[in-house]
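We count ligands from 1, going down the list as the structure has it; atoms in each ligand are counted the same way.
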Amino acid sequence: MILIAIETSCDESGICVIKDNRILSNLVYSQIDSHKKYGGVVPEIASREHSDKIAKLIIDSKIKKVDYVGFTRGPGLKGSLLIGKIAAMTISNYFDAKLIGINHLEGHLLSVEIKDDKIEKKLKFPLIALIISGGHSELWYVENYGKYSVMGSTRDDAVGEAFDKVAKILNLGYPGGPAIEKIASKSLRRNKIFSVPEVKDSFDYSFSGIKTQVAYYVRDNKVTLSKKKDICYSFQDSVSKSLIKKLKLAVEKYRVNNIVVCGGVIANSYIRNMIMETFPLNKFNVFLPQKNYSSDNAAMIGVSMLRAIEHNYEDESIEIEPDLKAGSNSEI
Ligand code: KG4
Ligand code: ZN
């Protein structure tokens, strides 16, 4: 069985070819250079870049036979999702392959089943998933493959978006996450400057407040290089504590010992370590994606296709479902 997966929800164009449980090729074209000067993703530029690059990626994948072709149908940027859908429909018509629409966040969730170029059915259910990316911060209760319910989500900025915006305030470039992590690791004082964000009596998150705390701090203080390191450290520490606090509450409420944390932000080693300290392996099954599969890629969409086929939910909608809140996160 040969599967082609296409991912175009935001600023990465990705195509993956999977045969049975093995990834034969996984190509990602990152648009970071085109968005860098704006300090965030500009939707119109993203869709233009996808349409410029997707055909070349399909050719480079050397596709000869396809049984199923899948694409990210949402959430994401409308124009970008449409380009992916059109590419998938074209492949589907040409090869007479079945078309499958995949939820991007399910893709992140199932990215934990990829080990190098192999896909392993290793998730244990029920589980609590924390999905942390540039566009989302969500807590899910997951009963089985394809059976998810959202327990909480962000009320304003997503966590990756907060990293990107704080990096912009500090002139650290885009994407902000890796830059903040690197500078934070050099902080010597490691003191608390910013409070831990919390939405009371809810599993929701909120990160625009801590972004504003940073903006005011930068406005009111002389920001030397060593101060910048401390700002990054305290920001990263408070955000990590906020993420883990609700995750822990969810795990306790549902009495599960299976946990997934996924999405671009889980490339962050500080957050990874805090998770492993909070949920020790002798008591919990903690599933994190390999760092190279944590940010957007088509392989994770391919895993979702495999599971959708195995668990009979491959006939779900192929309508695109853009993220209604998604706009330009280049604005602070
Ligand atoms: O999952 P992803 O590739 O795209 C979306 O679905 O949004 O996540 C991208 C986000 C960006 O906001 C980026 O700054 C953040 O992940 N990110 C990080 C790190 N690496 C990427 N955030 C914190 N620390 C990192 N090391
Ligand atoms: Zn993503």
Side-chain angles (χ1 to χ4, degrees), residues 5-14 28-32 35-36 38-41 43 46 50 71-77 80-81 84 102-112 129-138 153-154 157-170 172-185 207 210-211 232-233 235-240 242-243 260-275 288-301 303-304 322-323 325-332:
I6 297 180
E7 157 60 39
T8 59
S9 64
C10 191
D11 60 346
E12 256 104 24
S13 322
V28 183
Y29 169 77
S30 169
Q31 306 177 357
I32 281 178
H35 298 283
K36 232 176 198 158
Y38 304 101
V41 178
H50 287 305
F71 66 98
T72 302
R73 70 179 191 90
L77 302 169
S80 298
L81 293 170
I102 295 292
N103 179 291
H104 180 77
L105 301 182
E106 174 179 341
H108 276 301
L109 171 71
L110 300 184
S111 67
V112 302
L130 171 64
I131 304 165
I132 41 177
S133 71
H136 294 87
S137 317
E138 297 203 350
S153 53
T154 185
D157 292 350
V159 60
E161 187 180 355
F163 269 92
D164 295 335
K165 289 177 174 175
V166 164
K168 195 171 182 189
I169 292 167
L170 295 170
L172 299 176
Y174 175 82
I180 289 184
E181 178 178 5
K182 192 166 166 215
I183 296 184
S185 71
F207 296 106
I210 190 164
K211 170 197 70 188
C232 288
Y233 177 82
F235 166 77
Q236 180 176 262
D237 183 64
S238 289
V239 165
S240 311
S242 168
L243 289 171
V260 168
V261 187
C262 57
V265 178
I266 199 60
N268 185 296
S269 300
Y270 189 82
I271 300 177
R272 283 177 103 92
N273 291 339
M274 203 182 266
I275 288 165
L288 307 180
Q290 277 184 200
K291 281 193 183 180
N292 54 329
Y293 287 111
S294 35
S295 57
D296 289 350
N297 63 83
M300 66 188 200
I301 303 303
V303 184
S304 304
D323 189 345
K325 282 190 305 188
S328 173
N329 71 357
S330 56
E331 308 288 323
I332 289 180

**OP:** Mark the output for Cys10 as yes if a heavy-atom distance to ligand 1 is under 4.0 Å, and as no if none is.
**Re:** no
**OP:** Check each atom of ligand 1 against the heavy atoms of Gly135 and keep those under 4.0 Å away; list them by number with element.
**Re:** 7 (O)
Original post:
Do ligand 1 and Phe163 have nitrogen or oxygen atoms that lie under 3.5 Å from each other?
Top reply: no
Original post:
Ring centres of Tyr270 and Tyr233 under 6.0 Å apart?
Top reply: yes
**OP:** Taking only heavy atoms of Ser133 into account, list the atoms of ligand 1 that are under 4.0 Å away from them.
**Re:** 1 (O), 5 (C), 6 (O), 7 (O), 8 (O)
Subject >> Sub-4.5 Å side-chain heavy-atom contact between His108 and Asp296 >> reply: yes
**OP:** Without swapping roles, check the side chain of Arg73 against the backbone of Leu81 for a donor-acceptor pair under 3.5 Å.
**Re:** no
Original post:
Quick one: are Ile266 and Pro289 in side-chain contact, heavy atoms under 4.5 Å?
Top reply: yes
Original post:
Nearest heavy-atom pair of Met274 and Ser240: which atoms, and what distance?
Top reply: SD-CB, 3.6 Å
Original post:
Relative to the heavy atoms of Ser295, which atoms of ligand 1 are at a distance of less than 4.0 Å?
Top reply: 3 (O)
**OP:** For Pro178, take its heavy atoms, then give the atoms of ligand 1 lying under 4.0 Å from any of them.
**Re:** 19 (C), 20 (N), 21 (C), 25 (C), 26 (N)
Original post:
Side-chain donor-acceptor pair under 3.5 Å between His50 and Thr8, yes or no?
Top reply: no
Original post:
What atoms of ligand 1 come within less than 4.0 Å of a heavy atom belonging to Glu181?
Top reply: 25 (C), 26 (N)
**OP:** Looking only at N, O or S atoms, find the one in Asp296 nearest to the Zn ion (ligand 2) and name it.
**Re:** OD1
Original post:
Any N/O/S of His136 under 2.8 Å from the Zn ion (ligand 2)?
Top reply: no
Subject >> Any Gln236 heavy atom less than 4.0 Å from ligand 1 >> reply: no
Original post:
Which atoms of ligand 1 are found less than 4.0 Å from any heavy atom of Pro175?
Top reply: 14 (O)
**OP:** Answer whether the closest heavy-atom distance between the side chains of Asp11 and Pro175 falls below 4.5 Å.
**Re:** no
Original post:
Taking the minimum heavy-atom distance to atom 5 (C) of ligand 1, which of Val239, Asp296, Asn297, Val28 ranks first?
Top reply: Asp296
Original post:
Any side-chain heavy-atom pair from Leu105 and Pro75 closer than 4.5 angstrom?
Top reply: yes
Subject >> N/O separation below 3.5 Å, Gly134 to ligand 1 >> reply: yes
Original post:
Between Phe163 and Phe207, does the ring centre distance come in under 6.0 Å?
Top reply: no
**OP:** Could you verify whether a donor N or O on one side chain and an acceptor N or O on the other, from His136 and Asp323, lie under 3.5 Å apart?
**Re:** yes
Original post:
So do the side chains of Cys262 and Leu130 get within less than 4.5 Å of each other, counting heavy atoms only?
Top reply: no
Subject >> Atoms in ligand 1 with a heavy atom of His108 nearer than 4.0 Å >> reply: 1 (O), 6 (O)
Original post:
Which is closest to atom 12 (O) of ligand 1 by heavy-atom distance: Asn268, Asp164, Ile32?
Top reply: Asp164
**OP:** For the Zn ion (ligand 2), decide whether His104 has an N, O or S atom at a distance under 2.8 Å.
**Re:** yes
Subject >> Numbering as shown, the atoms of ligand 1 that approach Gly160 to under 4.0 Å (heavy-atom distance) >> reply: 12 (O)
